[in-house]
Enquirer: 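Please find one structure pasted underneath; my questions will follow.
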Amino acid sequence: MAELSLQHIDKIYDNNVQAVFDFNLDVKDGELIVLVGPSGCGKSTTLRMVAGLEDISKGHLFLDGKDITQTPAKDRDMAMVFQNYALYGHMTIYENMAFSLTLRKENPNVIHKKVLAAAEILGLTSQLNKKPNQLSGGQRQRVAMGRSIVRSPKVFLFDEPLSNLDAKLRGATRREILLLHKRLKATMLYVTHDQTEALTLADRIVCMSMGYVQQVGTPLELYDAPANIFVASFIGLPPMNLFDAKVAGDELILEDAQSVHVALTPEEKQTLAAYQGKTIVLGIRPENIEEGPGIPMTVSNNENLGMNTLVYGNIGGPGGPKVCAKLKGWVGHTFGDQVQLTIKRKHLFDKETTNAIR
Ligand code: ADP
């Protein structure tokens with residue numbers, strides 16, 4: 001069992017920089033939580049406070065109901081996997097994986113069994129006698145994970161473990177981590193700035209900005225019902241298109257392209273009842289746009305990705321607000337083409353609070 005509870009946690013560094021504000025989260029046993037957000041938003045600080053590598057300035061941390069706020073890192077029964085692997089170059093892979101158990105003076109037979117079992121899980125059995133510099137980046141990352149697995153910690157902590165790998169290896173290693181999680185059924189906290197990693201790995205995502213938690217939820221919840229403009233534009237690739245738009249009866253009028261009127265459904269009109277005559281922010285995901293009667297766009301770029309085409313352009317003519325549409329299949333527009341776009345799904349946000357209007 002490993003349930004974590006972070007309650008009203010703040011981090012204020014010695015130079016008075018507050019990196020984390022009132023962080024609250026209950027992590028269930030066996031859950032894989034991904035902390036995601038842009039660089040500097042406080043993800044690593046939060047992870048390091050959980051690990052015990054940074055003091056918690058305010059608030060409390062519980063592991064299985066026990067307050068461990070003041071417990072030293074070595075007594076927390078957690079294992080951290082870093083992005084730079086931190087392997088010992090002069091030791092073999094076997095010795096690297098056995099190291100923490102050897103330090104603890106575990107029985108050599110037990111150590112041997114644990115190292116072999118971890119190597120088997122990670123596909124490293126044939127690499128055990130090699131030195132780290134004889135392995136690829138992906139293999140080294142697996143050794144770093146193996147070092148954590150042999151300790152059978154209550155909680156695994158990952159700090160951007162894939163950021164030193166190239167794109168192809170990143171995808172493969174990401175899938176390995178997911179399999180590892182399924183196999184170990186361990187509680188895991190995983191930090192990344194990459195929204196794709198968050199969407200593909202997490203049971204639940206914690207999306208952060210400037211030290212504050214913006215939204216906690218399943219990947220689908222964050223994608224489908226982002227709580228505010230920050231989450232809406234951070235989750236999803238290419239990012240959501242955002243336009244200032246005035247609510248006028250059963251239409252929206254784009255502020256920067258007044259000739260463009262976007263029809264509201266009866267439900268949307270009802271949702272926006274309190275916003276008549278006001279300016280809101282209209283969000284449209286590129287994948288929620290199709291070619292068809294609706295909004296006129298002048299094409300500026302056309303990127304064929306195989307299954308899809310990203311078509312960039314300006315709404316209502318050149319100089320109008322920029323838009324990106326992700327169209328199905330291989331579409332061959334060129335600069336200056338006039339096309340019509342149909343919107344399949346809208347997201348609506350309050351311009352003042354930036355929160356979703358529901
Ligand atoms: P992230 O992991 O999301 O990139 P960090 O948690 O590393 O963000 O940093 C959050 C904020 O705290 C940043 O503004 C960063 O400059 C600041 N910070 C991080 N470490 C320290 C430190 N040791 N002393 C002072 N400020 C720090």
Side-chain angles (χ1 to χ4, degrees), residues 6 20-27 31-43 46 189-247 252 254-256 262 264-265 267-275 278-290 295 308 310 312 315 321-326 341-358:
L6 292 84
V20 178
F21 297 80
D22 195 28
F23 191 108
N24 290 287
L25 181 71
D26 285 321
V27 184
E31 203 173 14
L32 199 174
I33 296 280
V34 177
L35 305 184
V36 73
S39 176
C41 73
K43 314 177 290 287
T46 305
L189 243 59
Y190 185 108
V191 160
T192 179
H193 62 275
D194 181 329
Q195 60 92 40
T196 308
E197 269 173 49
L199 284 174
T200 52
L201 279 173
D203 291 321
R204 280 190 302 155
I205 297 175
V206 178
C207 185
M208 295 180 74
S209 166
M210 297 170 80
Y212 289 92
V213 171
Q214 301 294 318
Q215 188 172 4
V216 180
T218 63
L220 183 60
E221 281 164 355
L222 269 76
Y223 174 78
D224 205 44
N228 56 36
I229 291 178
F230 177 83
V231 178
S233 48
F234 193 81
I235 301 286
L237 202 68
M240 186 184 280
N241 299 290
L242 296 166
F243 310 99
D244 283 357
K246 188 180 230 163
V247 184
L252 294 174
L254 299 200
E255 294 281 5
D256 295 329
V262 181
L264 293 168
T265 64
E267 297 79 41
E268 287 164 348
K269 191 182 170 194
Q270 201 171 355
T271 307
L272 290 173
Y275 290 85
K278 294 194 180 135
T279 299
I280 61 149
V281 176
L282 166 65
I284 306 168
R285 292 208 182 274
E287 57 273 34
N288 291 150
I289 299 175
E290 285 178 359
I295 295 175
N308 305 103
L310 297 181
Y312 296 85
I315 283 184
K322 287 196 169 72
V323 66
C324 168
K326 186 173 181 179
L341 303 176
T342 301
I343 298 166
K344 307 303 286 182
R345 166 92 202 269
K346 304 183 199 79
H347 295 264
L348 308 168
F349 301 97
D350 186 302
K351 191 169 159 60
E352 303 279 303
T353 65
T354 78
N355 291 331
I357 305 170
R358 303 208 207 281

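The model shown is predicted, which means the values in this text are computed figures rather than measured ones.
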Enquirer: Should Met210 and Phe230 count as side-chain neighbours, where that means a heavy-atom distance under 4.5 Å?
Expert: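 SC-SC contact between Met210 and Phe230 ruled out.
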Enquirer: Quick one: pull up NZ in Lys269 and OG1 in Thr271 and give me the separation to the nearest 0.5 Å.
Expert: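 Result: 12.0 Å between the selected atoms.
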Enquirer: Going through the distances and angles, do Leu222 and Leu199 end up as a side-chain contact (heavy atoms from CB on, under 4.5 Å)?
Expert: CA-CA 9 Å; Leu222 269 76; Leu199 284 174; 5.7 Å; no
Enquirer: Using the rule given for salt bridge (charged side-chain N to carboxylate O under 4.0 Å, His left out), can you reason through Arg204 versus Asp26, listing the C-alpha separation, both sets of side-chain angles and the distance that settles it, and then say yes or no?
Expert: CA-CA 11 Å; Arg204 280 190 302 155; Asp26 285 321; over 6 Å; no
Enquirer: Taking only residues two or more places apart in sequence or in another chain, which ones pass salt bridge (charged side-chain N to carboxylate O under 4.0 Å, His left out) with Asp256?
Expert: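 In terms of salt bridge (charged side-chain N to carboxylate O under 4.0 Å, His left out), with neighbours along the sequence ignored, Asp256 is linked to no residue.
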Enquirer: Please report the shortest heavy-atom distance between Ile284 and Arg345, naming the atom on each side.
Expert: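 Scanning both residues, the minimum pair turns out to be CG2-O, 4.0 Å.
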Enquirer: Rounded to the nearest 0.5 Å, how far does CG of Asp194 lie from CG of Leu201?
Expert: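 The CG atom of Leu201 sits 9.5 Å away from the CG atom of Asp194.
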Enquirer: I'd like to know whether Thr46 forms a side-chain contact (heavy atoms from CB on, under 4.5 Å) with Leu6, so could you lay out the CA-CA distance, the side-chain angles of the two residues, the decisive distance to 0.1 Å, and finally the verdict.
Expert: CA-CA 10 Å; Thr46 305; Leu6 292 84; 4.1 Å; yes
Enquirer: In chain order, what residues pass the side chain to side chain contact (heavy atoms under 4.5 Å, CB included) check against Glu268, with sequence neighbours excluded?
Expert: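 Once residues adjacent in sequence are excluded, the partners of Glu268 under the side chain to side chain contact (heavy atoms under 4.5 Å, CB included) criterion are Leu264, Thr265, Lys346, Leu348.
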Enquirer: One pair to check against side-chain contact (heavy atoms from CB on, under 4.5 Å): Leu272 and Leu252. What are the steps and the verdict?
Expert: CA-CA 10 Å; Leu272 290 173; Leu252 294 174; 4.1 Å; yes
Enquirer: Does Glu221 have any salt bridge (charged side-chain N to carboxylate O under 4.0 Å, His left out) partners at least two apart in sequence or in another chain, and if so, which?
Expert: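 Salt bridge (charged side-chain N to carboxylate O under 4.0 Å, His left out) list for Glu221, sorted by chain: empty.
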Enquirer: Minimum heavy-atom separation for Tyr275 and Ile280, please, with both atom names.
Expert: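 That would be CD2-CG2, 3.6 Å.
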Enquirer: For Lys351, enumerate each residue passing the side chain to side chain contact (heavy atoms under 4.5 Å, CB included) test, keeping only those at least two apart in sequence or located in another chain.
Expert: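 Here the qualifying residues are Asp244, Thr279, Val281.
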Enquirer: Give me the atom names and distance for the closest heavy-atom approach of Ala202 to Val34.
Expert: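 In this case the closest contact between Ala202 and Val34 is CB-CG2, 3.5 Å.
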Enquirer: Quick one: does any side-chain atom of Asn241 pair with a main-chain N or O of Cys324 as donor and acceptor, under 3.5 Å?
Expert: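 Side chain of Asn241 to backbone of Cys324: a pair is present.
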Enquirer: Of the non-hydrogen atoms in Arg285 and Tyr223, which two are nearest, and what is the gap between them?
Expert: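 Taking Arg285 first and Tyr223 second, the nearest heavy atoms are NH2-O, 2.8 Å.
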Enquirer: Of all residues at least two apart in sequence or in a different chain, which pass the side chain to side chain contact (heavy atoms under 4.5 Å, CB included) check with Thr354?
Expert: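 With neighbours one apart ignored, the set is Asn228, Ile229.
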Enquirer: Checking the side chain of Asn288 only, and the main-chain atoms of Lys344 only, is there a donor and an acceptor separated by less than 3.5 Å?
Expert: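 Checking the backbone N and O of Lys344 against the side chain of Asn288, no donor-acceptor pair under 3.5 Å is found.
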Enquirer: Dump the intermediate steps for side-chain contact (heavy atoms from CB on, under 4.5 Å) on Gln214 and Ser209, then the final yes or no.
Expert: CA-CA 7 Å; Gln214 301 294 318; Ser209 166; 3.6 Å; yes
Enquirer: Can you tell me how far apart CD (Gln215) and CZ (Phe234) are? Round to the nearest 0.5 Å.
Expert: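 Going from the CD atom of Gln215 to the CZ atom of Phe234 covers 13.0 Å.
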Enquirer: Can you tell if the side chain of Leu254 reaches within under 4.5 Å of the side chain of Leu282, non-hydrogen atoms only?
Expert: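 Heavy-atom side-chain distance check passes, below 4.5 Å.
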Enquirer: I'd like to know if the side chain of Lys43 and the backbone of Gly37 have a donor-acceptor N/O pair within less than 3.5 Å.
Expert: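 Checking the backbone N and O of Gly37 against the side chain of Lys43, a donor-acceptor pair under 3.5 Å is found.
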Enquirer: Residues two or more places apart in sequence or in another chain: which of them pass ring-ring contact (aromatic ring centres under 6.0 Å, His included) with Tyr190?
Expert: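 Per chain and number, Tyr190 pairs via ring-ring contact (aromatic ring centres under 6.0 Å, His included) with Phe158.
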Enquirer: Rounded to the nearest 0.5 Å, what separates atom CD1 in Ile235 from atom CG in Asp224?
Expert: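 One finds 12.5 Å between CD1 of Ile235 and CG of Asp224.
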Enquirer: Using side-chain heavy atoms (C-beta onward) and a distance below 4.5 Å, is Leu25 in contact with Val213?
Expert: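 No, side chains not in contact.
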Enquirer: Donor-acceptor pair, distance only, cut-off 3.5 Å: does the side chain of Gln195 make one with the backbone of Gly236?
Expert: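 Flag set: sc Gln195 to bb Gly236 pair under 3.5 Å.
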Enquirer: Taking all non-hydrogen atoms of both residues into account, name the closest pair between Met208 and Pro38 and its distance.
Expert: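 Closest pair (atom of Met208, atom of Pro38, distance): O-CD, 3.6 Å.
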Enquirer: Do you know which two heavy atoms are closest between Pro239 and Ser233, and how far apart they sit?
Expert: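 It is CB-O, 3.6 Å.
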